[in-house]
Amino acid sequence: MDELEQEIKALIIEALKLEDIQAEDIGSEEALFGDGLGLDSIDALELGVALRRRFGLKIETINDDVKAHFATVRSLAKFIQNQAGGTANAVA
């Protein structure tokens, strides 16, 4: 999963144009929103679009489960793996 996490980190940097951040600066368990990386709701929308395009994620509704998937890089990686296996719900 480490390779997938690195790919997600690179996607976050690319999609959100975070020029001053390197992939190694983002911890896999670091919160992406709020006190962690500091992303906001607009970033969440942009990241959701990028994840849909890159990984073919199905994101139907935004709910607490979906928000939990976007909490950290690691939770995103688990969500992507589950969707690839056909066992995930929706994401934001």
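Computed from a prediction, not measured in an experiment: that's the story for all the values here.
- Glu5 and Ser28 make their closest contact through OE1-OG, 2.6 Å (heavy atoms, listed as atom of the first residue, atom of the second, distance).
- Nearest heavy-atom pair across Ile13 and Gln22 is CD1-C, 3.4 Å.
- Between His69 and Ser75, the shortest heavy-atom contact is O-OG, 2.9 Å.
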> Given Leu37 and Ile12, is the side-chain contact (heavy atoms from CB on, under 4.5 Å) satisfied, shown in steps?
Replying inline: CA-CA 11 Å; Leu37 192 56; Ile12 290 169; 4.2 Å; yes
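- Within the 3.5 Å criterion, the main-chain N or O of Lys58 finds a donor-acceptor partner in the side chain of Gln83.
- The shortest distance between side-chain heavy atoms of Asp43 and Asp40 falls below 4.5 Å.
- Remark: Glu24 CD is packed, more than 12 non-hydrogen atoms of other residues, nucleotides or ligands lying under 6.0 Å away.
- Val49 and Phe55 fall into different hydrophobic clusters, where Ile, Leu, Val, Met, Phe, Trp and Tyr side chains are chained together by heavy-atom contacts under 4.5 Å.
- Here CG of Leu4 is found 12.0 Å from CZ of Phe79. Values are rounded to the nearest 0.5 Å.
- Interatomic distance, OG1 of Thr72 versus CD1 of Ile8, reported as 9.0 Å (0.5 Å rounding).
- A distance of 10.5 Å separates CD1 in Ile21 from CD in Glu19, rounded to the nearest 0.5 Å.
- Going from atom CZ of Arg74 over to atom CG of Leu76 covers 12.0 Å, rounded to the nearest 0.5 Å.
- A pairwise comparison of heavy atoms in Ile80 and Leu57 identifies CG1-CD2, 3.9 Å as the closest pair.
- The two atoms that bring Asp25 and Glu30 nearest to each other are O-OE1, 3.8 Å, heavy atoms only.
- For the pair Phe70 and Phe33, the tightest heavy-atom approach, listed with the atom from each and the gap, is O-CE1, 3.3 Å.
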